[in-house]
Amino acid sequence: MFVAGQTFSQQNLKENFTPLKSSGTLPDIFTQNIRNVIKDDISDLYKKKETDKSIKQTYLTETNYEIQKIVKSGNTLVNDEITAYLNKLADVILKDNQPLRKQLHIYTLKSPVVNAYSYDKGYIFIDIGLIAQAETEAQLAYILCHEITHYTKKHHINGYVKNKKIDNQNYTGKSNNDIVIEKCQYSKELESEADLEGFKLFEQTNYNFKQAEKAFDVLQYAHLPFELVEFKKSFFETEYYKIPDSYLLKEVSSIRNNSNEDDTKLTHPNTAKRKQAIIDLTANRNNAGKVNFILDKAQFEYVRDLSRFELCRLYLKNRDYPNALYAAYILSNKYPDNQYLAEIISKSLYGITLYGMGKISYDHDSHLENGFPEYKDVESYPQQLYYLMNKMPNNEWTMMSLNYVYRNHKKYPNNKVLNRYSDSLFKLVNQVSWGIIDFVRINKKEQPAVTETKKDSTVVNDGTSSKTDLIATIQKENNFKKYDTAYYKEMYVDLFMTDKEFSGKFPSTGVVDNDATSGFSDYSLKKGNSSKKKKPKKVGAFVSTEAKVNKVLLLEPFYLKIDESQKEEFSYLSSDEKQEKYAITVNDCAQRQKFELVTLDPDIINANDVDKMNDYAVINDWFAEKFDSDHSDGYPILNTNDIENIISKYNTQYVFKTGIVNYKSKSGRKRTYYYAFVYDLKLNEIIYKKQESFKGKDSRDLINAKVYQTIYEFKQSNK
Amino acid sequence: MYKYKLILLLILFVSGLYAQNSGYMGKKMIAGYGFHMSPGYFGTQGENIINKIHEGYVEYATSKRFVLGAATRFYKTIYANQRNVSIFSIYGNYVPTQVNSNPQGYYNMKGTNYLLYGKLFKSGYVAPWGRYFMFGATLNTFQANYDPSIMKVLVREEAYGTFGTAKEYYYSNFGLTHQSFVKFDLLIGFGRTRMITDRVVLDYGFNANAIALARVLFDVISDLDRTSEEGLAPYDYVAKTSASRVRALNRFNVFLRIGFLLF
């Protein structure tokens, strides 16, 4: 693939997908010193004849930090296929306006949200979720035109100034509601201008006008999956396993149209109004010869597929397993032999199983705070999946998942992820109190005793015969004519008879194993030796006595200064400066103690450190998934395949996160908070936890003493 | 002396071996100088109203929250003979005389306190940095010496009969002119250490001698109430008043210490 002067070897999506990563040289925004940037911007501001300089100065500080936060979050893609494509699209749009083109910096944001963002300094971010939903290249082009207009019309800074003025005005006689409406009204004006002026830019190209209208349809139905495809239960069925029709929702609900919703308190006009404005504008214009694709349709579809593949992973990161499963299901219709999709579906099935067993919950920030939606609240075909999840008992879901995952493990025997998930599901089978005995055909009339005693392993298996022998014996004893009619009875029959690995791994007894932890085989905790060995002493703030930390990966040390007595509560510049020094302090303390510490900090990177950024993104994904729950300890991380590469690359499974927060109240009281956590990426848990607060300022001796002691305790854990 | 050095080194080695503590940036041993002071209203001359004590100390952080310390404190002071001495004189045909008065002048004192103490740091702090509670024992040794020509009591004795004259003389025998004493007390205190440039330790707070503190009322009343007090016997005068003065000196002090992190 050749895009925007860069060459990428196209991924073979028929077989697999490699999650998107940045490459090449990192742009300036990644490496520049943010404090200098802000100083320069403010200096430029005061050289110009501008109004509201004080508000704009605050804006420049806050926005620069916001952009930096986005860029260095690990979610911003640089020099990848999608970003390159978006830039090529911008080249097409602005082919006659090179000065403006040069001012723009367009990046892809790894986010499932259907949105795009434009900042005052020409930075435009397009979410993966939006690209996955786009139907044509022209629609994407129009959305880019909209965002470019936000930039050229300085909407971001104007909106900020206006909002600040509204905040600062006399509130007498105004309710909060009035203030929100006033702010939204101005925002809507800016959005309408971006729609219309963006269209003027759009019409200078050869793109089909109608696609601008259609872009609003995409926006309208953004809450639905990128395609609506009937969810067929046959996807999980085999020759020996047929899911009953009672689990199938035959008629799905219609799609609600709320395009004309009340937008009084919305920042954007409703989509009906926006669409109508474009229809009015294009009514008398000649659309002849206009096209949906200027670059290349195949190229667009490839980029969109990349986004859709990535989207599956982003859903998993948010523990949104039903959406991940449905998205992967849609893609698997086009790419039936894609291993990555088999992985996504396996992980989703496993996640839904854990959810059904009450092993996964969501925190207050998650859109799934109240759990997976009821099927009645879901629209169109995805309702079928939610219906299946709702109707199928958890033990049957576990068995269906194992059936799918194990068969895919056999299909792709070298795929470690599938192997791991199939093993994990075998473990979960123990927790749903089913065993081999439940999957053999039994004559109820002749063998009532077997049914009654099947939970007792000593009766079923006296230890003299193997599990496979046991199956063979039971099969032989039954006449194959009168047998239990439960639909799942034969789901594994071929595997039991021909696959030694399967029958060897399948639990024979069906006795609930409460020690089966999360079922995640590779990442389950090692049980302590029960012998009378003297228990090792717990070192410092270590949670367990077993951890031996000999090297850590220091992840972006954090420093924040809050001063409530100041107009600007968050001291960005001072925090940034302190953060830089704090990273040096941590490294210095490690060096003094000859402790191995590798820093992975997007604030301390150079243009060639793209690999570090990618590694940082992988670990950040791990954290995002881990902390999407109120009770995240012990939950398996289902999303990150790359985490093992990180462990082996840096030769440590321990990630060290530390930070300082210095707080000054309005009355001048100071308090300093220190925290240090070490996470075990392999065991998926926190192994070191220190959170302390001190009266007084963030003095150097406080920081030095705490950091040094923390690293000392790491060292002590090895003794 | 070699034996004691060896024991000290052994203690440091063993405590270091088992310590779950890093010290401050790896350094656990501090040596330094301290200055203690307290108001000295009683038993002092007017111009000498601040008690001053100088101190040399060494400390070693044995664990994350504990520091073991040894210190020697030095001071020089006077006792301004606030309390009365009781002198009973029977001489020839003179009327037996009971003198109950405080001696003129003062006597000099110098003391050396030997302290062994621990500092228990508040949770969250890392010894030797942070807020702490101090406790320990102190052996207060001191010497008093007086000059009979300065410290004396005027005794006036009347003769029997009508023609006899009064006789006046100075009494200045308060026992040995050089006297040494040893007292034991318990040390308590609170303080905070701060580090400057990762090497200098600034230690400030207050400390007290617990027994001296418990006797505060008794000592003050004795010093103030001269009229009703039965005077001290001359041979007891220095012993008792110097002990009282030493207690006053060590009772409660604010301090500022400057130390250096050695290793």
Side-chain angles (χ1 to χ4, degrees), chain A residues 534 536-542 545 547-549 581-582 584-595 597 658 660-662 670-676 688-719, chain B residues 12-30 32 59-67 69 119-133 190-206 256-263:
Chain A
K534 196 183 169 187
K537 203 179 169 190
K538 211 170 78 171
V539 177
F542 275 94
T545 55
K548 294 198 182 301
V549 178
K581 283 182 184 165
Y582 186 54
I584 294 167
T585 301
V586 179
N587 275 282
D588 179 41
C589 288
Q591 221 164 38
R592 280 170 187 247
Q593 296 179 72
K594 296 187 174 65
F595 181 80
L597 179 144
T658 179
I660 303 275
V661 178
N662 180 242
K670 290 176 185 167
R671 220 168 169 91
T672 302
Y673 299 89
Y674 168 78
Y675 68 82
Y688 183 93
K689 199 191 292 186
K690 186 176 272 189
Q691 299 173 84
E692 286 164 342
S693 91
F694 301 88
K695 279 181 194 166
K697 62 178 186 176
D698 47 344
S699 58
R700 175 186 156 132
D701 53 359
L702 185 156
I703 294 164
N704 282 351
K706 293 315 298 179
V707 174
Y708 195 93
Q709 174 69 16
T710 297
I711 290 172
Y712 181 82
E713 286 173 9
F714 295 169
K715 278 204 86 172
Q716 289 296 107
S717 72
N718 289 298
K719 289 184 178 170
Chain B
L12 295 183
F13 175 73
V14 170
S15 55
L17 203 66
Y18 292 103
Q20 273 194 23
N21 112 330
S22 56
Y24 180 80
M25 300 295 273
K27 292 183 171 61
K28 302 176 188 178
M29 186 82 181
I30 302 168
E59 288 178 347
Y60 186 79
T62 58
S63 76
K64 190 186 159 190
R65 289 180 60 197
F66 191 75
V67 160
K119 282 175 166 181
L120 183 66
F121 281 74
K122 204 177 160 188
S123 172
Y125 291 94
V126 184
W129 161 81
R131 294 175 192 275
Y132 62 82
F133 166 66
F190 290 93
R192 161 139 211 187
T193 53
R194 290 187 185 277
M195 307 295 167
I196 302 167
T197 64
D198 297 343
R199 179 63 81 170
V200 179
V201 184
L202 206 63
D203 187 352
Y204 54 89
F206 61 87
L256 178 69
R257 300 158 114 191
I258 295 175
F260 293 90
L261 283 160
L262 299 179
F263 55 83

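Excluded from the calculations below are hydrogen atoms, water molecules and symmetry mates; all remaining heavy atoms, backbone and side chain alike, are included. Protein chains get the first letters and strands the later ones, always in sequence-line order, with residue 1 at the start of each.
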From B/Tyr204, B/Phe66, B/Phe121, residue fulfilling ring pair (Phe, Tyr, Trp, His ring centres under 6.0 Å) relative to B/Tyr132: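 Per the ring pair (Phe, Tyr, Trp, His ring centres under 6.0 Å) rule, the option paired with B/Tyr132 is B/Phe121, out of B/Tyr204, B/Phe66, B/Phe121.
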Worked verdict on B/Val201 versus B/Phe260 for side-chain contact (heavy atoms from CB on, under 4.5 Å): CA-CA 6 Å; B/Val201 184; B/Phe260 293 90; over 6 Å; no
Portion of [X] that has a non-hydrogen atom of chain B nearer than 4.5 angstrom:
| X | value |
| --- | --- |
| A/Lys690 | side chain |
| A/Arg700 | both |
| A/Ser693 | neither |
| A/Leu702 | both |

Nearest heavy-atom neighbours spanning A/Lys706 and B/Tyr125: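 Scanning both residues completely, I find the closest heavy atoms to be NZ-N, 4.4 Å.
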Geometric class of the A/Tyr688/A/Phe714 ring pair [parallel <30°, tilted 30-60°, perpendicular >60°]: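 Geometry flag for A/Tyr688 against A/Phe714: perpendicular rings.
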